[in-house]
2 protein chains.
Amino acid sequence: MTRQRRVLLEILDQSDAHLDARTLCERAQKKIDIDRATVYRTLELLKQKGLIDELDLMHLHGEMHYFEARTGSEHFHLACYGCGKITEVEDGMFERLKKHVALHEGFKVQTARLEIGGYCRACTAQHKKKSRV
Amino acid sequence: MTRQRRVLLEILDQSDAHLDARTLCERAQKKIDIDRATVYRTLELLKQKGLIDELDLMHLHGEMHYFEARTGSEHFHLACYGCGKITEVEDGMFERLKKHVALHEGFKVQTARLEIGGYCRACTAQHKKKSRV
DNA sequence: GCTTACTTGCGAATGAGTCGCAACTTTAGA
DNA sequence: TCTAAAGTTGCGACTCATTCGCAAGTAAGC
Ligand SMILES: [Mn+2]
Ligand SMILES: [Mn+2]
Ligand SMILES: [Zn+2]
Ligand SMILES: [Zn+2]
């Protein structure tokens, strides 16, 4: 556990948002000297160790992926095409589905990613209002 | 509906595998003159229309995404880190979860992607055998 | 035939992520 | 404490999927 790795994990642990590699790198560089390549290498490492999760989030803001520290509680993500908001949802049904798959398909689950793209409540309401004009 | 678009949709409809943009382009070029850029533009269009789905598949074989025609039956994907195999799973629980989220969160679902990475039955068995040595 | 909107191919550009390598750091043993 | 091997880092060059600008091509309406 080097200084670089500790700082990166710290930032991920403390951030409640979903950070892409570049943003993570920028934040880390405010604290220590660290290179882009090291960030990518470390992210790969932390992922392997099961300490963080990589998210696609429907590539809502470009080509990059996002990262978040793995906490005890499992959740999945809703991405709004309208306002770009990401909502985290914790639902027992997701857990059950994962266990079901593991059992039924004989699949050893390492990571499970449920990502839903669409329109949040606010954006749907706004859209309805507009189309009524 | 131009010739280019028809051919691309045809290939996607007929293929049972998950095609990345480059492969799709190569296959289309065997039938007609078509450019990379047109493929990307058309994929975006077909996605918007809800005719195809874009998959991440844990970026198992590189940086690209994969595409598949949307059929009646909803399914999700298991990606094996060992052998690279992609398994499609159809499970009522997935449908129910989607409906539940739509209702409970007031979210208008456009696309839902459940992707699970881990080890398939065969790879898990092989791994156990190896570690017994 | 002329106007307009849409679509395409081409080549150049973008930008996230990777690689090779030499320098640096840590570890573990003599 | 010294030393050599193993692991990690920064740097710069590179890759390669995807996007963009633009001029030419196509389809449709009048
Ligand atoms: Mn992705
Ligand atoms: Mn599929
Ligand atoms: Zn929204
Ligand atoms: Zn496998």
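Chain identifiers are assigned alphabetically (A, B, ...) following the order of the sequence lines, protein sequences preceding nucleic acid strands; residue numbering begins at 1 within each chain.
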**Student:** Check whether any side-chain nitrogen or oxygen of B/Thr2 sits under 4.0 Å from OP1 or OP2 of D/dT26, and answer yes or no.
**Tutor:**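 No.
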
**Student:** When you measure from the side chain of B/Gln29 to the backbone N and O of B/Ile34, does any donor-acceptor pair fall under 3.5 Å?
**Tutor:**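 Present.
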
**Student:** Pairs in or reaching into residues 1-42 of chain A: which pass ring pair (Phe, Tyr, Trp, His ring centres under 6.0 Å), with residues at least two apart or in two chains?
**Tutor:** A/His18-A/His77

**Student:** Tell me, please, which residues at least two apart from A/Glu74 pass side-chain hydrogen bond (donor to acceptor under 3.5 Å, both in side chains).
**Tutor:**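 Applying side-chain hydrogen bond (donor to acceptor under 3.5 Å, both in side chains) to A/Glu74 gives A/Lys98.
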
**Student:** For DNA chain C, which residues in residues 31-55 of chain A have a heavy atom at a distance below 4.0 Å?
**Tutor:** A/Arg36, A/Ala37, A/Tyr40, A/Arg41

**Student:** Output the rounded distance in Å from NE2 (A/His61) to C1' (C/dA16).
**Tutor:** 17 Å

**Student:** Rounded to the nearest angstrom, tell me the gap between atom CZ in A/Arg22 and atom C1' in C/dG15.
**Tutor:**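 To the nearest whole Å, that distance equals 8 Å.
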
**Student:** Does A/Asp13 CG have over 12 foreign heavy atoms under 6.0 Å away?
**Tutor:** yes

**Student:** Nearest 0.5 angstrom please: B/Thr42 OG1 to B/Gln4 CD, how far?
**Tutor:** 7.5 Å

**Student:** In terms of heavy-atom contacts, does CZ of B/Arg22 have more than 12 from other residues, nucleotides or ligands at under 6.0 Å?
**Tutor:**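 No, CZ of B/Arg22 has 12 or fewer neighbouring heavy atoms, counting only those of other groups under 6.0 Å.
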
**Student:** Between atom CE in A/Met64 and atom C1' in D/dT19, what is the gap in whole Å?
**Tutor:** 15 Å

**Student:** Could you state the NE2-C1' distance from B/His59 to D/dC16, rounded to the nearest angstrom?
**Tutor:**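 Rounded to the whole Å, the gap is 14 Å.
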
**Student:** In whole Å, what is the span from the CZ atom of B/Arg3 to the P atom of C/dT8?
**Tutor:**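 Whole-Å distance recorded here is 10 Å.
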
**Student:** Within the pair B/Gln4 and C/dG9, is there a side-chain N or O less than 4.0 Å away from OP1 or OP2?
**Tutor:**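 Yes, such a contact exists.
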
**Student:** By nearest atom, which of the nucleotides C/dT7, D/dA17, C/dG17 is closest to the B/Arg5 side chain?
**Tutor:**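 My answer, after comparing the listed nucleotides, is C/dT7.
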
**Student:** Over how many whole Å does the gap from A/Met1 atom CE to C/dT26 atom P extend?
**Tutor:** 14 Å

**Student:** Counting heavy atoms from C-beta on, name the nucleotide in C/dT8, C/dG17, D/dT9 closest to the side chain of A/Ala21.
**Tutor:**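 So the side chain of A/Ala21 is nearest to C/dG17.
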
